[in-house]
Amino acid sequence: MPLSGHLITDYQEIPRCAMGLGGKVTDEVLAREIAAEQGDVTTMYDRLDVLRERARGELARVQQEETTETEQSYTERESFTDLFSGRFAQLSSVERGLCFGRIDTGDDERFHVGRIGLFDEDYDPLLIDWRTPVAQVFYWATPAAPLGVTRRRHIRLQGRSVVGVDDDVLDLDAIGDSERRTLIGEAALLSSLGASRTGRMNEIVATIQSEQDEIIRSGLPGVLVVQGGPGTGKTVVALHRAAYLLYTHREQLARSGVLVVGPNSTFLRYIDQVLPSLGETDVVLATISELYPGVVATAPESETAARVKGGEAMADVLAQAVRDFQLVPTAPIELKVDQQRLVLRPGAVRKARQRARDTDRPHNRARPIFVRGILTALTNQIVDRLGRQYLSEEDIKDIRKELAEDDRVRALLDRLWPELTPQILVSVLLSSPERLEAAAPQLADDERAAVLRPVDADWTQSDVALLDEAAELLGDTDGTVAARNRKDADDAATEAANREYARGVVQIELTADRMTLMPWEIEQFAELVHRRTQLIENPGTVAERAASDRTWVFGHVIVDEAQELSAMDWRMLMRRCPRRSMTLVGDIAQTGSAAGIASWADVLDKYAPRRWRSAQLTVNYRTPLEIMAVAADVLAAIDPTLSPPDSVRETGIQPWIDAVPPDAFLDVLVATIKFERQALGDGRLAVIVPTPRYDELAAVLFDVAHGHDPSVLDADTALLDVAQSKGLEFDAVLIADPAGIINESDRGLSDLYVALTRPTKRLTILSPGDLPEVLRRTPQR
């Protein structure tokens with residue numbers, strides 16, 4: 001469908017409102033328009049080069065300075081080095097596709113829109129940053145509400161050369177006859193949607209739609225839930241929202257950073273270039289299984305185990321397990337210390353335990369209170385025997401100290417109230433049927449059996465939230481507290497020295513310039529100098545520091561496929577963001593995890609009452625109409641009240657399904673993959689299979705990339721189960737054994753719905769034996 005010079009209200013309306021304006025776009029006109037844009041774009045790149053060379057020059061200058069001054073002066077130069085290195089990296093990261101749009105207004109003004117803001121030497125704008133309020137009309141203007149825009153132009157670059165322009169006319173009356181004859185367009189959005197997939201998610205900054213832009217620019221406070229069906233751009237909207245928030249609230253978010261949580265490590269590799277391409281790096285990308293530093297959680301587990309360990313009841317189970325380690329003996333305990341025979345009675349232990357518990361401190365931090373109570377009871381026995389009237393306070397302190405250092409007393413204290421780590425607590429609990437039954441009487445026998453494991457078993461994803469919960473219940477050990485206190489003291493001394501140095505620098509400059517300032521003005525300048533040294537005193541990026549600190553608090557948290565998180569996952573995630581500044585994206589209909597949620601309100605009414613809001617994405621930009629017709633039948637089986645998103649395009653390529661005899665299934669599968677590869681050409685093909693059959697089919701399909709392989713994103717053919725395919729998209733998808741996917745779990749239909757909505761062009765379904773009922777409306781090949 002030709003779309004040159006079309007009137008457009010929003011891209012979802014393209015198939016219904018494409019209107020030619022009668023002008024004829026000749027090669028000469030097209031070349032002239034491209035040449036004009038090339039001139040403007042060349043000026044922008046020239047300015048970019050100037051700024052980059054300036055940053056490079058400043059970087060070289062501070063690196064080459066001779067170290068002839070004090071150590072603090074050297075540290076200050078190091079902070080400048082970091083500053084100019086960051087600026088140079090930012091200017092280099094936006095090289096590709098620097099400018100992507102132009103706004104023409106009714107005042108005969110025009111503004112170019114791009115990845116960053118650029119100004120000439122007179123500080124007149126050459127390029128407007130896409131996140132500024134001025135640029136917002138590029139995404140929001142429509143013929144119904146043009147917002148002063150007469151024409152919106154999309155500019156396509158190859159390297160530094162303009163290779164194409166597309167025009168959207170928003171105010172026909174404001175376009176003169178001469179301009180009508182030069183209207184050009186190929187529909188930038190549809191062009192990008194039809195392009196072959198590369199194995200990495202691309203940013204959509206040039207083709208953001210108005211409903212997407214409204215979500216991207218939504219305010220920072222509170223929790224924003226972005227609900228949308230497959231292909232509606234939830235993920236890319238969330239990532240662009242991260243870039244927008246970091247730009248708009250730089251001071252607030254730069255030090256704490258933004259956390260982006262994805263469903264699996266393959267997905268994180270798929271999206272890892274989006275934010276750098278937008279000039280943002282203060283973002284931590286992680287899966288749920290990576291949120292506990294030092295733990296690698298890759299072991300498989302059963303659906304029942306994941307459901308039980310993900311349930312909120314496990315918080316009470318862990319709390320009880322901690323209490324079960326705080327023992328009171330059933331009979332008096334006798335011990336001999338330095339020729340003194342002592343008796344520790346259950347009542348004294350019970351009293352010491354209650355005092356420790358009454359503090360409401362975590363287990364390890366309450367232990368000193370318990371220890372003090374036991375030592376007091378033992379000390380009093382010795383003092384009473386020797387005669388309190390004959391002992392001074394120093395004598396009593398010496399007796400207490402000797403008791404505390406006695407190996408038998410220390411062993412007894414460790415038995416009655418041991419110091420625990422989260423790893424020890426969870427491992428011992430899940431490997432001991434007796435401890436598990438005592439801590440979790442509310443669980444059924446088969447549920448307890450499902451979570452039992454060897455004490456040295458590898459960690460699973462659902463274990464991570466248990467470890468995090470355990471860390472909250474236990475608190476730091478004495479060794480950890482001592483190390484932190486030492487570090488805090490060192491940091492405080494360094495901070496005080498740096499501030500004093502900063503004041504000295506200011507005083508030297510004022511004396512040299514013979515200037516006098518008020519004390520508060522001196523403090524302000526000293527603070528500026530001090531900030532320049534802080535990067536050295538806090539080495540490492542935000543991502544590096546956050547990755548090693550379980551207690552790190554993020555300024556904003558973004559969760560993709562948020563519907564998959566368990567109740568325990570949510571508890572862990574909320575600790576990372578106590579301010580409840582979050583963006584959650586997902587689709588309840590695609591919930592595949594047995595521990596996943598059924599509604600957003602179930603979670604957010606508990607953690608952020610009256611502080612969460614929702615937005616809906618309704619347009620499917622990925623999946624063509626022909627494929628969504630198949631997926632719609634599955635969605636109706638999941639929940640008849642749900643409606644699929646409206647597909648923005650159709651390809652004319654009908655999906656096909658084939659039922660083959662089970663004994664011929666593997667041969668037909670291999671042949672079909674070969675056929676699809678030939679039909680697809682340069683595109684990417686995903687073969688999605690049931691998890692229980694993954695190893696069997698992987699042995700047959702040895703010449704394709706497998707889902708656990710890091711190279712899977714770059715391969716032309718990939719073998720994945722549904723969990724591995726979440727959040728990804730491919731030119732073509734071949735679903736092998738749909739009935740196996742359905743029968744794999746209680747939410748098998750949701751998994752099939754996910755698999756059906758991964759392709760952008762072609763869909764093939766192979767079924768060994770009879771077709772599942774939900775797919776029988778699809779014409780068979």
Side-chain angles (χ1 to χ4, degrees), residues 230 263-264 266-267 298-307 450 460-461 561 564 589-596 627 630-631 633-635 637-638 655-673 676 685-709 712 715 717-730 732-759 763-776 778:
N264 54 60
T266 302
F267 172 83
T298 58
E301 65 183 336
S302 70
E303 181 181 340
T304 302
R307 176 179 55 79
T460 69
Q461 178 172 306
E561 304 289 353
E564 302 292 345
Q590 297 185 63
T591 304
S593 170
I627 295 176
V630 179
D633 288 341
V634 178
L635 182 62
I638 297 171
W656 63 269
I657 188 169
D658 202 0
V660 300
D663 56 356
F665 177 69
L666 295 181
D667 291 336
V668 174
L669 176 61
V670 172
T672 303
I673 292 174
E676 286 296 317
L685 169 67
V687 182
I688 302 180
V689 303
T691 303
R693 298 197 66 175
Y694 188 92
D695 291 340
E696 170 202 353
L697 298 178
V700 176
L701 306 177
F702 56 86
D703 57 343
V704 305
H706 297 166
H708 57 271
D709 191 326
V712 69
T717 305
L719 179 69
L720 306 163
D721 61 21
V722 176
Q724 293 168 337
S725 74
K726 272 189 176 292
L728 307 181
E729 60 183 20
F730 304 88
V733 167
L734 193 165
I735 298 176
D737 192 4
I741 293 176
I742 294 173
N743 298 328
E744 185 178 336
S745 72
D746 293 339
R747 296 185 173 179
L749 282 174
S750 295
D751 287 340
L752 181 59
Y753 183 60
V754 170
L756 289 169
T757 53
R758 297 308 95 194
L763 172 66
T764 303
I765 304 172
L766 280 184
S767 177
D770 294 335
L771 293 173
E773 182 66 31
V774 74
L775 294 176
R776 289 186 180 175
T778 305

Task: Min side-chain heavy-atom separation Pro768-Arg693 under 4.5 Å - done: yes
Open item on the list: Tell me whether the count of non-hydrogen atoms from other residues, nucleotides or ligands lying under 6.0 Å of CG in Asp770 goes above 12.
Closed with: no
- [ ] Check whether any side-chain heavy atom of Leu775 lies under 4.5 Å from a side-chain heavy atom of Ile765, and answer yes or no.
- [x] yes
Open item on the list: Measuring from atom OG1 of Thr717 to atom CG of Asp703, what distance do you get when rounded to the nearest 0.5 angstrom?
Closed with: 8.0 Å
- [ ] Could you pull out the closest heavy-atom pair between Arg758 and Gly727, with the gap in Å?
- [x] NH1-N, 3.5 Å
Task: Which atom of Glu676 lies closest to which atom of Thr764, heavy atoms considered - done: OE2-OG1, 3.0 Å
Task: Test item: Tyr694 side-chain N/O and His706 main-chain N/O as donor-acceptor pair under 3.5 Å - done: no
Task: Gap between atom CD of Glu744 and atom CG of Leu752 - 0.5 Å precision - done: 11.0 Å
Open item on the list: Quick check: closest heavy atoms across Glu564 and Gln590, and the distance to 0.1 Å?
Closed with: OE2-O, 3.0 Å
Task: Step-by-step side chain to side chain contact (heavy atoms under 4.5 Å, CB included) determination, Trp656 to Leu763 - done: CA-CA 7 Å; Trp656 63 269; Leu763 172 66; over 6 Å; no
- [ ] Provide the closest heavy-atom pair for Ala631 versus Leu756 in the form atom of the first, atom of the second, distance.
- [x] CA-CD1, 4.0 Å
TODO: Please name the pair of heavy atoms, one in Tyr753 and one in Pro230, separated by the smallest distance, quoted to 0.1 Å.
DONE: OH-CD, 3.3 Å
Open item on the list: Contact between Ile657 and Leu771 at the side-chain level, heavy atoms closer than 4.5 Å - yes or no?
Closed with: yes
Task: Nearest atoms (heavy-atom pairs only) where Ala736 meets Pro690 - done: O-CD, 3.2 Å
